[in-house]
Amino acid sequence: GNSVTQMEGPVTLSEEAFLTINCTYTATGYPSLFWYVQYPGEGLQLLLKATKADDKGSNKGFEATYRKETTSFHLEKGSVQVSDSAVYFCALLMDSSYKLIFGSGTRLLVRP
Amino acid sequence: NAGVTQTPKFQVLKTGQSMTLQCAQDMNHEYMSWYRQDPGMGLRLIHYSVGAGITDQGEVPNGYNVSRSTTEDFPLRLLSAAPSQTSVYFCASSGPNQPQHFGDGTRLSIL
């Protein structure tokens, strides 16, 4: 079946460090891929998305590239801030479907 | 600019009590869903609906009921609350092939 695997957290970084959160997927077709972010005490917010191979999604300094050859959608940011501390979820959506399939989430903690 | 609205934000129940978590969206989305979020387990789908009058079970439906009488509303009912249902509950909605919009969650404790 379709699934999403994320690196386990927590990921702890110092401010201004480079961030990578790995995400790989298994899918029988060509999914759209998403990163959601959940700040403490809040719901999930869409961070970025990519709908086809080689697309790059970007928002708030975060980027992720849809790599079909490696079935990956790794999240990166060049210089993290304390305010980026949150839980990040990778997710996929199959074409003509409504149901998002989520990874288990990765907690990021950025220290000053 | 309401989006997805969940009420209440917090609730404490005793074992055996029943209650309804409310979810409303004002984006005319066809699809609505309920998730629970537990530590270390990510999000698990409880029930979902692809339109008014249509509902279906997700991964963890036991102990919960839903109905969809209108496009806007998708309430989740706990029939007889159990401590294992202590969790954070999220409602979400979307159009076809679109990412889901989430509410702010209901934090439910069952004693």
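In what follows, every chain begins at residue 1, and chains take the letters A, B, ... in the order their sequences are listed.
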Should [X] and [Y] be counted in the same cluster of Ile, Leu, Val, Met, Phe, Trp and Tyr side chains packed under 4.5 Å apart?
X	Y	result
B/M32	B/Y89	yes
B/W34	B/I110	yes
B/L21	B/Y64	yes
B/F102	A/F34	yes
A/L47	A/I21	yes

Pick from B/G42, B/G105, B/P99, B/A92 with the largest number of heavy-atom pairs that fall under 4.5 Å of chain A: B/P99
Chain B contact via [X] - side chain, backbone, both or neither, heavy atoms under 4.5 Å:
X	result
A/L93	side chain
A/L46	side chain
A/E8	neither

Check whether [X] gets within reach of chain A through its side chain, its backbone, both or neither, counting any heavy atom under 4.5 Å.
X	value
B/R107	side chain
B/Y31	both
B/S94	both
B/Q37	side chain

Comparing A/R107, A/Q45, A/K99 against chain B, the one with the most heavy-atom pairs below 4.5 Å turns out to be A/K99
Surrounding [atom1] of [X] (heavy atoms of other residues, nucleotides or ligands, distance under 6.0 Å), is the total greater than 12?
X	atom1	answer
A/E16	CD	no
A/R111	CZ	no
A/Y39	OH	yes

Atom CZ of B/F90 and atom CD of A/E42: how far apart are they, to the nearest 0.5 Å?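 That separation rounds to 9.5 Å.
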Tell me, with the steps shown, if A/F102 and B/R44 meet side chain to side chain contact (heavy atoms under 4.5 Å, CB included). CA-CA 9 Å; A/F102 285 96; B/R44 293 186 290 170; over 6 Å; no
Determine whether B/Q100 and A/Y36 make a side-chain contact, defined as any pair of heavy atoms from C-beta on separated by less than 4.5 Å. yes
Hey, does A/L100 have a side-chain heavy atom less than 4.5 Å from the side chain of B/L43? no
